[in-house]
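Below you'll find the structure, written out as structure tokens, and then a few comments.
None of the values given here were measured: they were computed from a predicted structure.
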Amino acid sequence: MYFCPLMDKKVRVRFAPSPTGGLHLGGVRTVLYNYLFARQHRGDFVLRIEDTDQTRYVPGAEEYIVDCLQWCGLEPDESPQKGGKYGPYRQSERKEMYKQYAEYLVKKGFAYYAFDTPEELDSMRKEFKTPEDPSPQYGHHTRIKMRNSLTIPEKEVKELMEKGTTHVIRFLMPENDEVSFTDMIRGEVKFNTHTLDDKVLLKADGMPTYHLAVVVDDHLMQITHIFRGEEWLPSTPLHLLLWERLGWKDEIPQYAHLPLILKPDGKGKLSKRDGDRLGFPVYAMQWTDPKTGEVTKGFREIGFLPEAFNNMLALLGWNDGTEKEIFSPEELVEKFSMERVHKGGAKFNFEKAKWFNHEYIKRGDSRMLLPYFKKILQEKNVQENDDRLLSIMDLIKERCTLLPDLWENSFFFFQRPTEYDKESILKKWDADKKQFFKELPAAFSAVESFTPGSLEDAFKSLAERKNLKAGGLMLPLRIILVGGKFGPPVFHIAELLGKQETLERIKIALRWEFMN
RNA sequence: GGCGGUAUCGUCUAGAGGCCUAGGACGGAGCCCUCUCACGGCUUAAACACGGGUUCGAAUCCCGUUACCGCUACCA
């Protein structure tokens with residue numbers, strides 16, 4: 001059986017997270033690819049909450065996901081919050097629909113009731129466990145030995161049902177069928193149903209499992225393309241069969257299974273633990289576990305720009321075939337193609353991630369950075385007008401990798417040095433130099449425009465008159481103005497400090513006893 | 001164990017039979033620029049997992065091996 005979707009409908013894609021905690025960067029990448037594809041094809045992007053596991057309910061997780069998408073600039077067209085004509089968008093609110101479809105499958109002979117208790121399932125697994133088969137499945141070998149509507153006489157089943165005996169509905173997996181489909185990234189993928197099991201479709205609590213819910217909802221919501229993690233590849237044949245048994249074979253969506261994001265070291269999927277261990281975020285935004293109160297910082301909190309974050313994620317597994325690496329959101333929408341997504345998993349590289357952010361800060365217009373800068377300054381209780389802030393950023397942004405670096409590279413504009421790197425000054429300090437700095441304020445005052453060029457000229461001509469080398473005086477000036485060996489070119493610092501403050505700082509420094 | 005997927009520099013990747021003595025980026029090393037730190041420029045080390053085919057010719061196609069990853073729940 002080969003499944004080939006018809007592609008003449010309006011593109012509709014979806015992100016369907018389970019609201020159980022922080023949003024992993026792999027999840028954001030999945031959203032990104034969905035979003036880019038939708039925008040490129042002028043389609044719809046829907047957010048659907050997969051909250052069918054009541055035991056894993058985490059308060060606040062759904063709102064958190066919505067906030068993350070907003071920060072990333074990847075907002076859905078339809079969602080529980082926004083609504084839409086295919087709602088509700090929360091699976092827990094669609095509970096009744098799933099049951100009908102499950103019952104329909106039973107009626108058609110494509111599924112059956114199973115009354116086995118968890119304990120019975122457990123002992124079955126133990127009983128059939130062999131070295132060759134360490135995890136026996138509930139499938140064509142074992143189903144005949146279990147308590148289900150296939151093995152129990154019809155009359156008895158009816159009685160059990162009438163008594164309200166707890167049961168699940170399982171899919172009746174055909175014994176020997178070929179199931180194949182074309183994955184947009186991987187090409188043709190084949191399975192034989194022989195090795196597949198009778199997955200639970202409807203749980204004892206009446207909620208569907210992922211498998212039933214995803215097929216029913218994707219159909220009802222007219223989803224045309226499913227882009228999801230590679231971990232779903234093995235259950236795709238089940239889903240395909242479900243589409244077919246439910247009578248929707250002609251509407252099967254196109255699939256693409258995205259490669260996983262791996263740990264930077266060792267092996268396996270990247271997890272929050274790896275971030276904690278290696279010192280970088282894994283979640284998009286800060287997540288506070290409501291149970292333990294544990295707070296986990298995200299990319300936003302450590303100072304990533306959402307555009308840089310997206311760009312980095314887009315390139316983690318995709319490229320446009322050229323050597324271009326920096327793409328604006330618009331370029332991403334235009335250039336992205338699922339066929340060019342790399343098949344293999346990618347180890348996450350935090351250094352490279354930071355490089356993207358650095359590029360965005362460095363290349364970006366300071367006006368774009370202004371709100372971020374102002375927020376930091378607010379925390380530091382600094383008030384300043386926008387024009388000066390813009391000038392400061394123009395000067396320092398090339399040395400800022402993360403947003404907090406904006407402060408680390410500019411604090412000296414807002415506060416006078418409290419201590420000085422004495423070592424560096426004293427190494428070559430003498431009376432002549434001291435005299436030079438005593439006369440410098442007058443020389444600077446005499447300058448007609450307080451600009452880097454004229455300041456440098458004044459500085460150098462004074463040095464010449466005093467028979468000193470200007471080169472040896474620059475570092476002391478820097479330390480006098482900001483306290484240490486850091487910052488942008490020193491005359492630029494002076495310019496932004498302004499005449500009054502520059503002269504003041506020179507005079508203050510000269511009063512320190514180590515200068516004498 | 002079974003099933004599925006993947007396999008190019010340390011990392012992300014380009015490469016869709018000859019353009020490959022394998023290109024770019026991050027990171028590393030070195031040099032230049034220089035008042036500090038950066039930015040920028042230049043140079044450099046570093047890879048086709050292995051074995052068989054197919055072909056005049058393979059990183060590219062096929063098969064096998066190996067390694068790694070994923071799935072194998074009334075979780076998603």
Side-chain angles (χ1 to χ4, degrees), chain A residues 16-20 50-53 55-56 114 116-118 121 125 129-139 166-170 183 185-186 189-192 194-197 199-211 213-214 228-237 257 259-260 262 264-269 312 315-326 342-356 358 362 396-401 405 409 421 424 456 459 470-479 482 484-491:
Chain A
S18 180
T20 52
E50 309 237 341
D51 57 349
T52 54
D53 186 355
T55 64
R56 293 214 298 168
D116 318 274
T117 64
L121 252 22
R125 293 201 177 99
K129 190 169 171 175
T130 60
E132 297 78 43
D133 187 7
S135 50
Q137 307 187 113
Y138 198 123
T166 56
H167 64 279
V168 300
I169 292 179
R170 281 183 182 271
D183 187 282
I185 297 174
R186 291 151 209 283
V189 185
K190 259 190 222 150
F191 295 85
N192 191 302
H194 187 76
T195 59
L196 272 21
D197 62 346
K199 280 269 179 296
V200 170
L201 263 20
L202 201 73
K203 301 187 266 189
D205 65 1
M207 278 288 194
T209 57
Y210 171 81
H211 306 295
V214 75
R228 68 210 322 187
E230 189 185 347
E231 68 268 30
W232 294 110
L233 201 46
S235 51
T236 304
H257 288 91
L260 265 16
L262 281 5
D265 59 342
K267 350 153 185 295
K269 282 199 271 194
M312 178 273 291
L315 272 282
L316 202 55
W318 171 86
N319 69 82
D320 75 340
T322 72
E323 279 162 10
K324 188 173 165 71
E325 293 196 276
I326 302 294
H342 199 250
K343 296 180 180 75
K347 289 186 180 173
F348 179 66
N349 183 340
F350 188 50
E351 290 307 316
K352 184 77 184 243
K354 283 193 292 192
W355 175 80
F356 275 103
H358 188 193
K362 207 169 66 192
I396 62 161
K397 62 187 182 189
E398 70 188 25
R399 61 203 81 200
C400 299
T401 299
D405 296 340
N409 288 291
D421 180 356
S424 302
E456 185 164 0
F459 187 88
L473 296 162
M474 305 273 257
L475 196 58
L477 175 62
R478 165 181 300 282
I479 294 169
V482 305
K485 293 194 282 188
F486 47 75
V490 71
F491 297 111

inquiry  = Check this one for me: any side-chain N or O of A/Thr52 less than 4.0 Å away from OP1 or OP2 of B/A76?
reply    = yes

inquiry  = Say we look at B/U54 and B/A58: how far apart would their C1' atoms be, to the nearest angstrom?
reply    = 10 Å

inquiry  = Between B/C63 and B/G28, how far apart are the two C1' atoms, rounded to whole Å?
reply    = 40 Å

query = Would one find a side-chain N or O of A/Lys199 under 4.0 angstrom from OP1 or OP2 of B/C75?
reply = no

inquiry  = Say we look at B/G64 and B/A22: how far apart would their C1' atoms be, to the nearest angstrom?
reply    = 26 Å

query = Using atom P of each nucleotide, how far apart are B/G30 and B/G52 to the nearest Å?
reply = 42 Å

task = Could you tell me whether the phosphate oxygens of B/A67, OP1 or OP2, come under 4.0 Å of any side-chain nitrogen or oxygen in A/Lys267?
result = no

request  = Decide yes or no for A/Phe348 and A/Met312: does some side-chain heavy atom of the first lie under 4.5 Å from some side-chain heavy atom of the second?
outcome  = yes

request  = Pick the P atom in B/A14 and in B/C71, then give their distance to the nearest Å.
outcome  = 25 Å

query = Would A/Thr236 and A/Arg228 count as a side chain to side chain contact (heavy atoms under 4.5 Å, CB included) if you check the C-alpha gap in whole Å, the side-chain angles of each, and the deciding distance to 0.1 Å?
reply = CA-CA 11 Å; A/Thr236 304; A/Arg228 68 210 322 187; 3.3 Å; yes

request  = Measure the distance from NZ on A/Lys354 to C1' on B/C12 and round it to the nearest whole Å.
outcome  = 16 Å

Closest-nucleotide 5' rank along RNA chain B - winner of A/Lys269 and A/Phe348 = A/Phe348

query = If we only count heavy atoms from C-beta on, is the A/Pro259 to A/Arg186 side-chain gap below 4.5 Å?
reply = yes

ask   = Got A/Arg170 and A/Lys199 here, is their nearest side-chain heavy-atom distance under 4.5 Å?
value = no

key: Below 4.0 Å: OP1/OP2 of B/A76 and any side-chain N or O of A/Arg56   = no

request  = Determine whether A/Trp318 and A/Leu316 make a side-chain contact, defined as any pair of heavy atoms from C-beta on separated by less than 4.5 Å.
outcome  = no

Nucleotide forming a Watson-Crick or wobble pair with B/C71, both distances under 3.5 Å = B/G2

ask   = Does B/G51 pair with anything, Watson-Crick or G-U wobble, both distances under 3.5 Å, and if so, with which nucleotide?
value = B/C63

task = Please give the nucleotide sitting opposite B/C9 as a Watson-Crick or G-U wobble pair, both distances under 3.5 Å, or none.
result = none

Flag side-chain contact, heavy atom, 4.5 Å: A/Lys352 against A/Leu315 = no

request  = Taking the side chain as every heavy atom from C-beta outward, state whether A/Lys485 and A/Asp421 have any atom pair closer than 4.5 Å.
outcome  = yes

query = Counting just side-chain N and O atoms, does A/Arg478 come under 4.0 Å of either OP1 or OP2 of B/U34?
reply = no

note = Heavy-atom closest pair (A/Thr401 atom, A/Lys354 atom, distance to 0.1 Å) is CG2-O, 3.6 Å

remark   = If pairing means Watson-Crick or G-U wobble with both distances under 3.5 Å, then the partner of B/G17 is none

note = Judged by nearest nucleotide, the residue sitting upstream toward the 5' end of RNA chain B, A/Lys203 or A/Gly268, is A/Gly268

task = Would you give a per-nucleotide map of nucleotides 23-30 of chain B, 5' to 3', where B means the base has a protein non-hydrogen atom under 4.0 Å away, S means only the sugar-phosphate does, and - means neither?
result = SSBS----

task = May I ask you to say what A/Pro17 touches in the nucleic acid, namely base, sugar-phosphate or nothing, with a heavy-atom cut-off under 4.0 Å?
result = nothing

request  = For the pair A/Phe459 and A/Phe491, name the ring-plane relationship: parallel under 30°, tilted 30 to 60°, perpendicular over 60°.
outcome  = perpendicular

Distances under 3.5 Å between nitrogen or oxygen atoms of protein and nucleotides 5-7 of chain B:
| unit_1 | atom_1 | unit_2 | atom_2 | d |
| --- | --- | --- | --- | --- |
| B/G5 | O2' | A/Arg186 | NH1 | 2.7 |
| B/G5 | O2' | A/Glu230 | OE2 | 3.1 |

message = With rounding to the closest Å, how many angstrom separate the C1' atoms on B/U60 and B/A49?
response = 16 Å

query = Does the side chain of A/Asp183 come within less than 4.5 Å of A/Lys343's, by heavy atoms?
reply = no

key: Whole-angstrom distance between B/C9 and B/G15, as gauged at atom C1'   = 14 Å

key: Under 3.5 Å on both distances, the Watson-Crick or G-U partner of B/G57   = none

inquiry  = At 4.0 Å (heavy atoms only), tell me whether A/Ala346 reaches a base, stays on the sugar-phosphate, or touches nothing.
reply    = sugar-phosphate

Watson-Crick/G-U partner (both atom distances under 3.5 Å) of B/C42 = B/G30

ask   = Considering only heavy atoms from C-beta outward, does the side chain of A/Asp53 approach that of A/Lys203 to under 4.5 Å?
value = yes

